[in-house]
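See below for the structure under consideration.
Just so we're on the same page: letters track the sequence lines, and every chain starts at 1.
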Amino acid sequence: MRTWLVKSEPDVYGIDQLKKDGRTGWTGVRNYQARNTMRDDMKEGDLVVFYHSNAEPPGIAGLAKVVDAPIPDPTQFDKKSDYFDATSDKAEPRWVMAQLGFVEKFKALIPLDVLKADPKLAGLALLQKGQRLSVQPVSAPHFARILELAGAKTKSPAR
DNA sequence: GCCAACGTTGGC
DNA sequence: GCCAACGTTGGC
């Protein structure tokens with residue numbers, strides 16, 4: 001299995017909301033690279049780091065996992081949605097959403113400055129300058145380190 | 001609220 | 001196919 005990171009603004013959809021909902025469709029991704037990751041690479045059972053962006057402070061809040069195959073994102077056809085895409089064809093939807101389930105909320109958020117200061121997380125995509133992708137891969141060693149920093153209940157997956 | 005970095009759009 | 005203009009992201 002592989003591991004991933006998704007970003008969300010906690011004011012829009014945070015880890016607490018995912019905990020409450022149990023699972024959710026990851027709507028609103030309108031970037032081709034992120035879409036391709038969700039469509040082609042994220043598999044059921046993959047673990048996903050849940051990052052709070054535009055937060056005070058920003059940081060890693062918990063874990064989710066992929067619970068099902070991706071399906072078309074309904075907001076692309078919803079005229080009232082911010083994510084409406086008039087050029088997407090219903091017969092061949094342009095945008096998909098990953099199906100994510102709640103795994104755990106960390107006892108404490110791992111703040112961005114801690115992530116940046118950790119030598120073992122050097123190279124993590126999230127920390128690259130100008131990195132704006134909302135869905136990113138996380139290497140197995142980086143993932144294990146994040147679990148360690150968080151004191152996570154979840155065990156690092158076998159490679 | 002500012003602004004750097006980036007992706008996308010559209011004129012040519 | 002280039003690239004300037006624009007909109008968005010997201011840290012600060």
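- Residue A:Trp95 shares its hydrophobic cluster (ILVMFWY side chains chained together at separations under 4.5 Å) with A:Tyr32.
- Sorted by first and then second residue, the salt bridge (Lys or Arg N to Asp or Glu O under 4.0 Å) pairs with a member in residues 55-70 of chain A read A:Arg23-A:Asp68; sequence neighbours excluded.
- Sorted by first and then second residue, the salt bridge (Lys or Arg N to Asp or Glu O under 4.0 Å) pairs involving residues 82-106 of chain A (not counting sequence neighbours) are A:Asp16-A:Lys105, A:Asp85-A:Arg94.
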Could you pull out every donor-acceptor pair under 3.5 Å between side chains of residues 129-138 of chain A and any protein atom, sequence neighbours left out?
residue, atom, partner, partner atom, Å
A:Gln131, OE1, A:Leu133, N, 2.9
A:Gln136, OE1, A:Leu126, N, 3.0
A:Gln136, NE2, A:Leu133, O, 3.1

Between the protein and nucleotides 6-9 of chain C, which nitrogen or oxygen pairs come in under 3.5 angstrom?
residue, atom, partner, partner atom, Å
C:dT8, O2, A:Arg132, NH1, 2.6

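- Across the protein-nucleic acid pair, A:Arg30 atom CZ and C:dG10 atom P stand 15 Å apart, rounded to whole Å.
- In this structure, A:Leu127 places its CG atom 14 Å from P of C:dG10, rounding to the nearest Å.
- Proximity of A:Lys129 to the phosphate of B:dA5: a side-chain N or O atom is located under 4.0 Å from OP1 or OP2.
- Considering only residues two or more places apart in sequence or on other chains, A:Glu9 meets the side chain to side chain donor-acceptor pair (under 3.5 Å) condition with A:Asn54.
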